[in-house]
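The structure appears right after this line, and notes come after that.
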Amino acid sequence: MDEYESLSHSKWECKYHVVFIQKCRRKVLYGSLRKHLGEVFRQLAEQKECRIEEGHLLVDHVHMMISIPPKYSVSSVIGFIKGKSAIHLARVYGERKQNYAGQSFWARGYFVSTVGRDEVTISGLHPQPGAGRQTAGSAEHVAMTSHRQGGSTQPGPR
């Protein structure tokens, strides 16, 4: 977990849980297609400097945990993987030799959530208020914490 990736000026660990489905929930991800598609996803992710940490190809949808560098947006990487894999499937399994356009294999949307360190680990990284020297930063920490827990009586946006 403490193994971070690095770019020229940053260290990062950006992992996402992504789920997407086939158009009309077709139940076609089985047999040799399932084994082949996993390798296709890995190769496409590598083209965008990403890594698929874990993945599951179920009968009608795909789960994957993917590590994406901060220089790429999640939507651009997932759009790339879905688009290029649909083209590949059409050429290999649909027996199309020309460019694939017009139909789509995957549904338009996807689900994504971040996969990160748990709250206990994060809160252990920051100094607790009242421990040591009192600074302006620690006073702000106390104010943000009490507001977030719902104990604030001050008017303002919630």
Side-chain angles (χ1 to χ4, degrees), residues 1-127 137 140-141 143-145 147-150 156-158:
M1 189 94 165
D2 289 327
E3 296 293 323
Y4 295 109
E5 302 287 334
S6 64
L7 295 170
S8 59
H9 298 285
S10 60
K11 293 263 188 200
W12 61 274
E13 181 183 48
C14 302
K15 294 180 182 173
Y16 302 93
H17 173 228
V18 180
V19 180
F20 51 92
I21 64 172
Q22 292 89 340
K23 195 84 157 184
C24 302
R25 296 284 258 194
R26 287 181 256 164
K27 299 184 185 313
V28 295
L29 289 180
Y30 57 88
S32 63
L33 178 62
R34 180 182 290 183
K35 293 176 186 174
H36 182 72
L37 197 54
E39 184 58 33
V40 170
F41 285 153
R42 278 193 281 294
Q43 290 174 355
L44 292 171
E46 287 175 6
Q47 288 181 23
K48 289 286 189 176
E49 303 173 44
C50 301
R51 185 175 62 246
I52 296 178
E53 305 284 339
E54 184 178 333
H56 301 284
L57 293 163
L58 301 174
V59 176
D60 62 349
H61 63 283
V62 175
H63 285 268
M64 69 172 69
M65 184 171 72
I66 185 168
S67 180
I68 301 175
K71 68 181 184 176
Y72 294 113
S73 70
V74 176
S75 62
S76 68
V77 171
I78 300 304
F80 176 80
I81 290 173
K82 286 171 64 177
K84 295 296 183 182
S85 64
I87 291 169
H88 180 78
L89 289 172
R91 286 185 180 163
V92 173
Y93 290 96
E95 295 147 8
R96 291 179 153 242
K97 302 302 179 198
Q98 298 177 349
N99 287 337
Y100 180 68
Q103 297 177 354
S104 58
F105 184 79
W106 304 110
R108 286 181 65 193
Y110 61 91
F111 166 83
V112 63
S113 70
T114 58
V115 177
R117 296 181 179 262
D118 60 340
E119 189 174 339
V120 174
T121 305
I122 297 295
S123 63
L125 296 176
H126 301 289
E140 289 175 24
H141 176 72
M144 289 189 296
T145 304
H147 178 65
R148 184 179 63 189
Q149 292 175 348
R158 284 209 171 244

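This chain uses plain numbering: 1 for the first residue, then up along the sequence.
In this view, Pro69 and Trp12, Glu49, Cys50, Lys71, Tyr72 satisfy the side chain to side chain contact (heavy atoms under 4.5 Å, CB included) rule, not counting sequence neighbours. Evaluation of the side-chain hydrogen bond (donor to acceptor under 3.5 Å, both in side chains) rule for Gln43 yields Glu39 as partners, not counting sequence neighbours. Scored by the side chain to side chain contact (heavy atoms under 4.5 Å, CB included) test, Ser75 finds Ser73, Tyr110 as partners (sequence neighbours excluded). Not counting sequence neighbours, the partners of Glu53 by the salt bridge (Lys or Arg N to Asp or Glu O under 4.0 Å) test are Arg51. In this structure, Ser67 has no side-chain hydrogen bond (donor to acceptor under 3.5 Å, both in side chains) partners at least two apart in sequence or on a different chain. Residues forming a side chain to side chain contact (heavy atoms under 4.5 Å, CB included) with Glu54 (at least two apart in sequence, or on another chain): His56, Met65.
Rounding to the nearest 0.5 angstrom, the gap separating the CG atom in Leu44 from the NZ atom in Lys82 is 13.5 Å.
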Item to check | Test side chain to side chain contact (heavy atoms under 4.5 Å, CB included) applied to Phe20 and Met64, step by step | outcome: CA-CA 9 Å; Phe20 51 92; Met64 69 172 69; 3.9 Å; yes

Next on the checklist: Quick one, Phe80 with Gln47, criterion side chain to side chain contact (heavy atoms under 4.5 Å, CB included). Give me CA distance, side-chain angles, the key distance, then yes/no.
Outcome noted: CA-CA 10 Å; Phe80 176 80; Gln47 288 181 23; 3.3 Å; yes

Item to check | Verdict with reasoning, Tyr16 to Ile78, per side chain to side chain contact (heavy atoms under 4.5 Å, CB included) | outcome: CA-CA 11 Å; Tyr16 302 93; Ile78 300 304; over 6 Å; no

Next on the checklist: Checking Val19 against Val62 for the side chain to side chain contact (heavy atoms under 4.5 Å, CB included) test, could you report, in this order, the C-alpha distance in whole Å, the side-chain angles of both residues, the deciding distance, and whether it holds?
Outcome noted: CA-CA 5 Å; Val19 180; Val62 175; over 6 Å; no

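Ile66 places a side-chain heavy atom less than 4.5 Å from the side chain of Val77.
Of all the heavy atoms in Trp106 and Ser85, the pair that sits closest is NE1-OG, 2.9 Å. Taking each heavy atom of His61 and Ile21 in turn, the nearest pair found is CB-CG2, 3.6 Å. Residues Gly38 and Leu57 approach most closely at N-CD1, 3.7 Å, considering heavy atoms. The two residues His63 and His17 have their closest heavy-atom pair at ND1-NE2, 3.1 Å.
The backbone N or O of Ser76 lies less than 3.5 Å from no partner atom in the side chain of Lys48, so there is not a single donor-acceptor pair. Judged purely by atom type and a 3.5 angstrom limit, Lys84 has no side-chain atom pairing as donor or acceptor with the backbone of Phe41. When atom types are taken as modelled, the side chain of Lys23 and the backbone of Arg108 share no donor-acceptor pair closer than 3.5 angstrom.
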